[in-house]
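What follows is a set of notes on a single structure, which appears directly below.
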Amino acid sequence: MEKLLEMAKQVCDKAEIYSIEYSDNAVSFQDAKLHEIESSYQSGISLRIIKDGKEGFAYTRNLIDRQELLDNARLSLEGGVEAGYDFPLTTEIPRIDSYDSSLENLTNAEIVDEGNRVCDLLKSKTDTEIMLSGIKHLTKARLINTAGTDLSARNSIYGIFGVAVTPGSGSGIHRFFQSTKYEKMPDSYINEIAELFNHTKKEASFGGGKMKVLFMPNSQIVFKYRLLTGMSAKSLYEETSPIADKIDRQIFSSNLTIYDDPLDEAHPGAGAFDDEGVASKPLTLVENGVFKNYYYDLKYAAKLNAQSTGHGHKTSMWGGDAITLKPTPALKHLRIKPGDKNLTELIRLIDRGIIVEGSLGPHSGNIPNGDYSVGAVPGLYVENGEIVGLAKDIMAAGNIYETLNNVIGVGDKQYAAYGTWVPPILCDGVSVATKI
């Protein structure tokens with residue numbers, strides 16, 4: 001990397017090199033039986049350059065020919081993309097523990113054993129198809145630039161994803177348990193999957209209308225997409241954010257505090273710096289319903305005469321391979337602060353409504369405006385604080401800036417769900433459509 005940086009210095013004004021290595025071990029079960037074991041290793045290097053105020057970018061899986069990579073980055077300068085920012089000099093970063101070396105020695109056989117244990121327990125508590133996956137993910141990244149920054153990081157992630165499948169569908173009740181080291185899936189996760197699934201055996205019939213909706217963590221990807229968009233400096237710059245003039249104003253219920261915490265060692269994936277070498281720090285986005293901050297990368301901070309908040313990441317709304325992407329404003333450690341109600345207490349607050357366990361179509365609709373219309377996959381109908389049964393063929397629709405203004409209860413436990421850690425959230429006045 002150092003030689004490549006020296007070569008870039010000779011022909012460019014500024015340069016940044018990002019390298020990553022990651023290994024994955026994954027096992028999957030279908031109908032509680034071992035289906036597949038996969039192991040993979042990948043690496044790559046990306047080069048970002050600035051010359052005459054223009055930005056160039058190239059990447060390679062294997063750094064065999066440094067000159068070719070540099071030539072490709074210089075060729076991309078012809079696109080005329082304005083840089084407008086400088087690479088930072090970062091010499092001090094927070095000290096965090098995001099890597100557990102014991103995970104290096106975890107074998108596929110041990111992951112299979114844990115998968116069998118969880119499958120057997122779920123089978124004993126339900127009478128349905130059980131799907132499960134287990135993963136071990138180890139990463140090592142390094143970033144250097146011509147400003148003098150030289151940073152390295154390692155991460156370890158272990159996870160078990162268990163699903164009790166709703167008959168006649170490809171969905172079900174699922175939970176994702178994650179840790180930086182090997183741990184057994186807690187009984188509380190297994191019991192919750194089984195208890196909720198067993199309520200789906202009976203089908204409930206009811207009419208639609210405005211009602212209470214309990215959004216479980218797995219369904220809150222519908223909120224995530226719209227929060228990422230509305231609070232991004234990119235949306236602010238492009239004038240597509242519906243909350244562009246709402247700093248220090250109430251946009252959600254006072255029950256909600258939303259933040260990004262890359263230094264949170266309690267959960268895997270913590271990072272002391274972003275993918276541009278800016279030191280990480282917690283960022284409060286919404287405090288007791290009041291909008292407090294946008295999040296910035298280097299590029300959009302420069303465009304808006306602001307400072308990067310350390311949220312420049314090589315990702316996209318729909319994921320993607322980090323090495324192939326340029327940094328963009330992103331929230332990779334999104335959290336919603338837990339409340340004071342357990343799941344049973346939240347359900348008891350529902351006189352008439354549904355539980356949305358998962359959402360179908362969260363990526364559709366007018367995301368920048370906050371609109372959503374999703375299928376509940378599955379949904380459960382609740383009446384007088386008791387689950388009646390499976391709610392089939394139902395849709396929940398609204399706008400998150402209205403829905404999250406009507407929060408009447410927040411769960412007391414954060415769950416891992418699609419790159420976030422969030423509690424169940426009970427909202428009132430949500431439009432629910434049924435076939436009846």
Practice problem: Return yes when atom NZ of Lys281 has more than 12 non-hydrogen atoms of other residues, nucleotides or ligands closer than 6.0 Å, and no otherwise. | Solution: no
Quiz item: Quick one: CG on Leu47 to CG on Asn72, what's the gap to the nearest 0.5 Å?
Solution: 9.5 Å
Exercise. For atom CZ of Arg74, decide whether the heavy atoms of other residues, nucleotides or ligands shown that lie under 6.0 angstrom number more than 12.
Key: no
Self-check item: Heavy-atom donor-acceptor pair, Glu114 side chain to Met185 backbone, under 3.5 Å
Solution: yes
Quiz item: Where do Lys337 and Val410 come nearest, in terms of heavy atoms and distance?
Solution: O-CG1, 3.7 Å
Practice problem: Considering only NZ, NE, NH1 and NH2 on the basic side and carboxylate oxygens on the acidic side, decide whether Asp321 and Arg61 come within less than 4.0 Å. | Solution: yes
Quiz item: Hey, what do you get for CD1 (Ile243) to CZ (Arg249), rounding to the nearest 0.5 Å?
Solution: 11.0 Å
Practice problem: List in chain and number order the residues that pass side chain to side chain donor-acceptor pair (under 3.5 Å) with Gln67, two or more places apart in sequence or in another chain; answer none if no residue qualifies. | Solution: Asp71
Quiz item: Is the backbone N or O of His174 less than 3.5 Å from a side-chain atom of Asn218, with the two atoms forming a donor-acceptor pair by type?
Solution: yes
Quiz item: Would you call the rings of Tyr294 and Tyr296 parallel, tilted or perpendicular, where under 30° means parallel and over 60° means perpendicular?
Solution: perpendicular
Exercise. Any chance you could lay out the side chain to side chain donor-acceptor pair (under 3.5 Å) test for Gln220 and Tyr418, step after step, and finish with the verdict?
Key: CA-CA 9 Å; Gln220 289 180 40; Tyr418 302 105; over 6 Å; no
Quiz prompt | Sidechain N-carboxylate O distance under 4.0 Å for Arg226, Glu402 | solution = no
Quiz item: Could you walk me through whether Asp428 and Lys210 pass the salt bridge (charged side-chain N to carboxylate O under 4.0 Å, His left out) check?
Solution: CA-CA 8 Å; Asp428 201 2; Lys210 297 269 191 178; over 6 Å; no
Quiz prompt | Separation between CZ of Phe273 and CD of Glu92, rounded to the nearest 0.5 Å | solution = 15.0 Å
Practice problem: Look at the side chain of Asn342 and the backbone N and O of Thr344, then say whether any donor-acceptor pair between them is shorter than 3.5 Å. | Solution: yes
Quiz prompt | Crowding at NZ, Lys246 (>12 non-hydrogen neighbours, <6.0 Å) | solution = yes
Quiz item: Just wondering, are more than 12 heavy atoms of other shown residues or ligands nearer than 6.0 Å to CD in Gln307?
Solution: no
Quiz item: Does a sphere of radius 6.0 Å around NZ in Lys314 hold more than 12 heavy atoms from other residues, nucleotides or ligands, not counting ones at 6.0 Å or beyond?
Solution: yes
Practice problem: Salt-bridge test for Glu6 and Lys9: reply yes if a basic N is under 4.0 Å from a carboxylate O, no otherwise. | Solution: yes
Quiz item: Ser98 side chain to Asn155 main-chain N or O, any donor-acceptor pair under 3.5 Å?
Solution: no
Can you give each donor-acceptor pair under 3.5 Å made by side-chain atoms of residues 374-382, sequence neighbours left out, with the distance rounded to 0.1 Å?
| unit_1 | atom_1 | unit_2 | atom_2 | d |
| --- | --- | --- | --- | --- |
| Tyr381 | OH | Glu383 | OE2 | 2.7 |

Practice problem: Provide the closest heavy-atom pair for Leu5 versus Ile17 in the form atom of the first, atom of the second, distance. | Solution: N-CD1, 3.4 Å
Self-check item: Leu325 side, atom CG; Asp275 side, atom CG - distance, nearest 0.5 Å
Solution: 10.0 Å
Quiz item: What ring-ring contact (aromatic ring centres under 6.0 Å, His included) pairs are there with at least one residue in residues 229-263, not counting sequence neighbours?
Solution: Tyr237-Tyr300, Phe252-Tyr401
Self-check item: Shortest non-hydrogen separation from Gly409 to Leu346 and the atoms involved
Solution: C-CD2, 3.6 Å
Quiz item: When you look at Asp24 and His137, which way does the side chain to side chain donor-acceptor pair (under 3.5 Å) test go after all the steps?
Solution: CA-CA 5 Å; Asp24 288 293; His137 181 70; 2.4 Å; yes
Self-check item: Distance-minimising heavy-atom pair for Asn25 and Ser39
Solution: ND2-OG, 3.1 Å
Quiz item: For Glu104, what residues pass the salt bridge (Lys or Arg N to Asp or Glu O under 4.0 Å) criterion, not counting sequence neighbours?
Solution: Arg154
Exercise. Could you verify whether a donor N or O on one side chain and an acceptor N or O on the other, from Thr309 and Asn293, lie under 3.5 Å apart?
Key: no
Quiz item: Does NZ or CZ of Lys413 lie under 6.0 Å from the centre of the six-membered ring of Tyr189, at an angle within 45° of the ring axis?
Solution: yes
Quiz item: Between Thr420 and Val422, is there a donor-acceptor pair closer than 3.5 Å when you use the side chain of the first and the backbone of the second?
Solution: no
Quiz item: Step by step, would you call Val286 with Met231 a side-chain contact (heavy atoms from CB on, under 4.5 Å)?
Solution: CA-CA 10 Å; Val286 176; Met231 299 177 183; 3.4 Å; yes
Exercise. Output all residues satisfying side chain to side chain contact (heavy atoms under 4.5 Å, CB included) with Glu36, sequence neighbours left out; order by chain, then residue number.
Key: Ser28, Glu38
Quiz item: What are the two closest non-hydrogen atoms of Ala26 and Ile135, and how far apart are they?
Solution: CB-CG2, 4.3 Å
Quiz item: Leu256 and Ile336: side-chain contact (heavy atoms from CB on, under 4.5 Å), yes or no, with the steps?
Solution: CA-CA 7 Å; Leu256 282 185; Ile336 296 180; 4.0 Å; yes
Quiz item: How are the rings of Phe223 and Tyr372 set relative to one another: parallel (under 30°), tilted (30 to 60°) or perpendicular (over 60°)?
Solution: perpendicular
Quiz item: Is a donor on one side and an acceptor on the other found under 3.5 Å between the side chain of Thr200 and the backbone of Thr166?
Solution: no
Quiz item: Quick one: which of Tyr415, Phe176, Trp421 gives a ring-ring contact (aromatic ring centres under 6.0 Å, His included) with His267?
Solution: Trp421
Self-check item: With Ser373 via side chain to side chain contact (heavy atoms under 4.5 Å, CB included) - residues at least two apart
Solution: Met395, Ala397
Quiz item: If you measure only the distance, is there a donor-acceptor pair under 3.5 Å linking the side chains of Ser254 and Asn288?
Solution: no
Quiz item: Is Glu265 reaching over with its side chain to a backbone N or O of Asp97, donor-acceptor style, under 3.5 angstrom?
Solution: yes
Quiz item: Is it true that Arg335 and Asp260 have a side-chain N and a carboxylate O under 4.0 angstrom from each other?
Solution: no
Quiz prompt | Minimal non-hydrogen separation, Asp13 against Asp52, with atom names | solution = OD2-N, 2.7 Å
Practice problem: Calculate, to the nearest 0.5 Å, the distance between atoms CE and CD1 belonging to Met216 and Ile355 respectively. | Solution: 7.0 Å
Self-check item: Residues Lys299 and Glu276 bridged, charged N to O under 4.0 Å
Solution: no
Self-check item: Intermediate values then yes/no, side-chain contact (heavy atoms from CB on, under 4.5 Å), Asp351 and Met211
Solution: CA-CA 9 Å; Asp351 51 354; Met211 62 184 71; over 6 Å; no
Practice problem: Inspect the surroundings of NZ in Lys181 and state if more than 12 heavy atoms from other residues, nucleotides or ligands are less than 6.0 Å away. | Solution: no
Quiz item: Between Tyr225 (side chain) and Ser364 (backbone), is there a donor-acceptor pair under 3.5 Å?
Solution: no
Quiz item: How many angstroms lie between OH in Tyr158 and CG in Leu138, if you round to the nearest 0.5 Å?
Solution: 13.0 Å
